[in-house]
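This report concerns only the one structure given below.
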Amino acid sequence: MKKTHKIKKQDLTKLLSEWSSKFTILTPSQPEGATGWAKWDGTDTTFLDWYRNTTVPPKNIFLPLMEKLFSFHKDREGYHVEAPPLGISKQLVFGIRPCDARSLALLDMTFRDAYEDPYYLTKREGVVLVGLMCTRPYDSCFCTSLGSSPDDSSHVDLLFTDIGDEFLIEAITDKGEELIAKTSVVQATTEADEARAKEAKDLAHRKVTREIDTSGTTEKLLASFEDKGYWEKIAAKCISCGICTFLCPTCYCFDISDEMVNKRGDRFRSWDSCAFCLYTKMPMENPREEKWRRLRQKVCHKYEFYPMSFDVIACTGCGRCVRLCPVNWDITQTLANLPAQEQIKQEK
Ligand code: SF4
Ligand code: SF4
């Protein structure tokens, strides 16, 4: 059984302060724009009042919106590269939701397992993930259909569960246990605390009401890949804004650009989106000029290509693409209405 502790909510500032001597603490943040993640200011824990999940997912901690990869300069001998020093960064992400912690495990498959991306890994390897169980899932959330849940502890080091005036803390990994054991503000839990945590978790599970059936989805997508009629209908109202990809925690398309002045330059990596027509434009052709091909790419990346490459669906059911799309495109409907293979054969 996992070891548990508890902390009074009013002592959270003390706990984060203790941790801040070793880590840069990141918490949910509500600037003037979209909610996201920012360095903790040393006192503010009011995010506990408004936080359900952030609009901008935590992927930007590991894959920043724009990141300098290296500098370079040119002289008579040619180009010279000056790579930045890459040390493991020590960050603690406080309050990450289980679905978003899971998204990082999915990103690892591309940026650690398939290809070792040093920029991603230096941020990812030193991080501590302190999860906060979801007590108020959105009606667009469907994490339980993807094998996760509001209290999924699979990808965090510690999991906090709201039990009223206190949090119950589960140490999930050795790193988490070590971290919590060294703090001065936690207490031992009682059976009554455990019962309150179970009640909170059961209630949260019941609040996730959106469901999708993922069985056979990959095969259906394979079969309907060239079903232009279906995909055109699905993409008809899409305005190619890219929100469903930029704000998807498992989307990672990027562009590379150079800025050069007087023979000195910097190379940057920045977020891009398969929703944009120019993303796949090449000198001779653009394989995804039509909108339906681009929206199909978004869906197939999650539910066809990732399962075929890594044996896992690259969607966490966080629901961001459902609740943030300006024209109410809904991936769960797209998947639910995929034509059956027999239907596609008849149409042909
Ligand atoms: S968020 Fe909606 S409108 Fe924007 S690209 Fe995605 S599906 Fe299209
Ligand atoms: S596809 Fe939509 S629901 Fe799935 S992880 Fe991305 S934003 Fe979340």
Side-chain angles (χ1 to χ4, degrees), residues 34-36 52-60 62-63 96-111 134 137-150 152 154-155 208-214 217-218 221 230-253 271-280 288-307 310 312-338:
T35 57
R52 293 178 79 179
N53 203 353
T54 52
T55 300
V56 181
K59 73 177 175 184
N60 75 335
F62 309 92
L63 293 170
I96 191 167
R97 294 302 187 193
C99 60
D100 283 345
R102 185 154 177 267
S103 75
L104 300 176
L106 292 165
L107 290 176
D108 288 346
M109 292 171 189
T110 294
F111 290 90
C134 276
Y138 293 94
D139 62 8
S140 49
C141 295
F142 53 102
C143 59
T144 48
S145 299
L146 277 311
S148 186
S149 64
D152 182 3
S154 313
H155 304 288
V208 182
T209 52
R210 183 179 287 254
E211 288 180 344
I212 60 165
D213 178 6
T214 59
T217 307
T218 302
L221 282 167
Y230 178 68
W231 290 107
E232 274 188 333
K233 198 167 68 182
I234 290 301
K237 61 184 178 180
C238 170
I239 55 171
S240 299
C241 67
I243 285 176
C244 61
T245 53
F246 275 139
L247 300 179
C248 170
T250 64
C251 277
Y252 51 74
C253 287
W271 289 3
D272 205 339
S273 168
C274 63
F276 300 152
C277 180
L278 290 183
Y279 180 67
T280 42
R288 289 189 223 127
E289 194 152 6
E290 299 111 310
K291 195 170 54 171
W292 66 270
R293 292 183 191 274
R294 303 199 293 274
L295 199 57
R296 181 187 64 181
Q297 170 67 21
K298 151 87 193 180
V299 178
C300 289
H301 175 236
K302 312 290 162 205
Y303 283 86
E304 182 185 335
F305 310 149
Y306 238 67
F310 301 112
V312 64
I313 291 173
C315 169
T316 64
C318 74
R320 284 185 177 88
C321 61
V322 178
R323 63 182 169 272
L324 299 169
C325 171
V327 298
N328 295 326
W329 172 70
D330 183 338
I331 193 170
T332 61
Q333 290 300 316
T334 297
L335 293 166
N337 297 328
L338 277 173

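What you see is a predicted model; the values in this text were computed from it and never measured. In this chain, residues are counted from 1 in sequence order. Reckoned from all heavy atoms, side chains included, excluding hydrogens, waters and symmetry mates. Just follow the structure's listing: the first ligand is 1, and inside any ligand the first atom is 1.
Of all protein heavy atoms, the one closest to atom 5 (S) of ligand 2 is Thr316 N, 3.3 Å. Protein heavy atom nearest atom 4 (Fe) of ligand 2, with residue, atom name and distance: Cys315 SG, 2.3 Å. For atom 2 (Fe) of ligand 1, the closest non-hydrogen atom on the protein side is Cys325 SG, 2.3 Å. For atom 1 (S) of ligand 2, the closest non-hydrogen atom of the protein is Lys298 NZ, 3.4 Å. For atom 8 (Fe) of ligand 2, the nearest protein heavy atom (residue, atom name, distance) is Cys318 SG, 2.4 Å. Regarding atom 3 (S) of ligand 2, its nearest protein heavy-atom neighbour is Gly319 N, 3.3 Å.
Side-chain contact between Asn53 and Cys99 is present, with at least one heavy-atom pair separated by less than 4.5 Å.
In summary, no N, O or S atom of Cys321 is located under 2.8 Å from atom 6 (Fe) of ligand 1. Taking 2.8 Å as the criterion, Cys238 counts as a coordinating residue of atom 8 (Fe) of ligand 1, since one of its N, O or S atoms falls below it.
Annotation for ligand 1: atoms under 4.0 Å from non-hydrogen atoms of Val327 are 3 (S). When each atom of ligand 1 is checked for a heavy atom of Trp329 under 4.0 Å away, the hits are 7 (S). Near Phe142, with a cut-off below 4.0 Å to any heavy atom, the atoms of ligand 2 are 3 (S). Atoms of ligand 1 lying under 4.0 Å from any heavy atom of Ile239, numbered from 1 in the order shown and given with element: 3 (S), 8 (Fe).
Contact check on Arg323 versus Asp330 returns no salt bridge, with no Lys/Arg side-chain nitrogen under 4.0 Å from an Asp/Glu carboxylate oxygen.
When all heavy atoms are compared, the tightest approach of Asp139 to Arg210 is O-NE, 3.1 Å. Counting all heavy atoms, side chain and backbone alike, Cys251 lies closest to Lys59 at O-NZ, 2.8 Å. Minimum interatomic distance between Phe62 and Pro58 (heavy atoms only, all atoms of both residues): CD1-O, 3.4 Å.
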Open item on the list: Let's go through Phe305 and Phe310 carefully: what are the C-alpha distance in whole Å and the side-chain angles of both, what is the deciding distance for ring pair (Phe, Tyr, Trp, His ring centres under 6.0 Å) to 0.1 Å, and is it a yes or a no?
Closed with: CA-CA 8 Å; Phe305 310 149; Phe310 301 112; over 10 Å; no
- [ ] With side-chain hydrogen bond (donor to acceptor under 3.5 Å, both in side chains) as the test, would you mind laying out the steps for Arg102 and Ser154 before giving the verdict?
- [x] CA-CA 8 Å; Arg102 185 154 177 267; Ser154 313; over 6 Å; no
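Aromatic ring orientation, Tyr252 versus His301: perpendicular (interplanar angle above 60°, classes split at 30° and 60°).
By the criterion of a heavy-atom distance under 4.0 Å, the backbone of Ser240, and not its side chain, is placed next to ligand 1.
Looking at Cys248, Cys99, Cys143 and measuring to atom 6 (Fe) of ligand 2, the nearest heavy atom belongs to Cys248.
Taking the six-membered ring for Trp and the full ring otherwise, Phe276 and Phe246 have centroids separated by under 6.0 Å.
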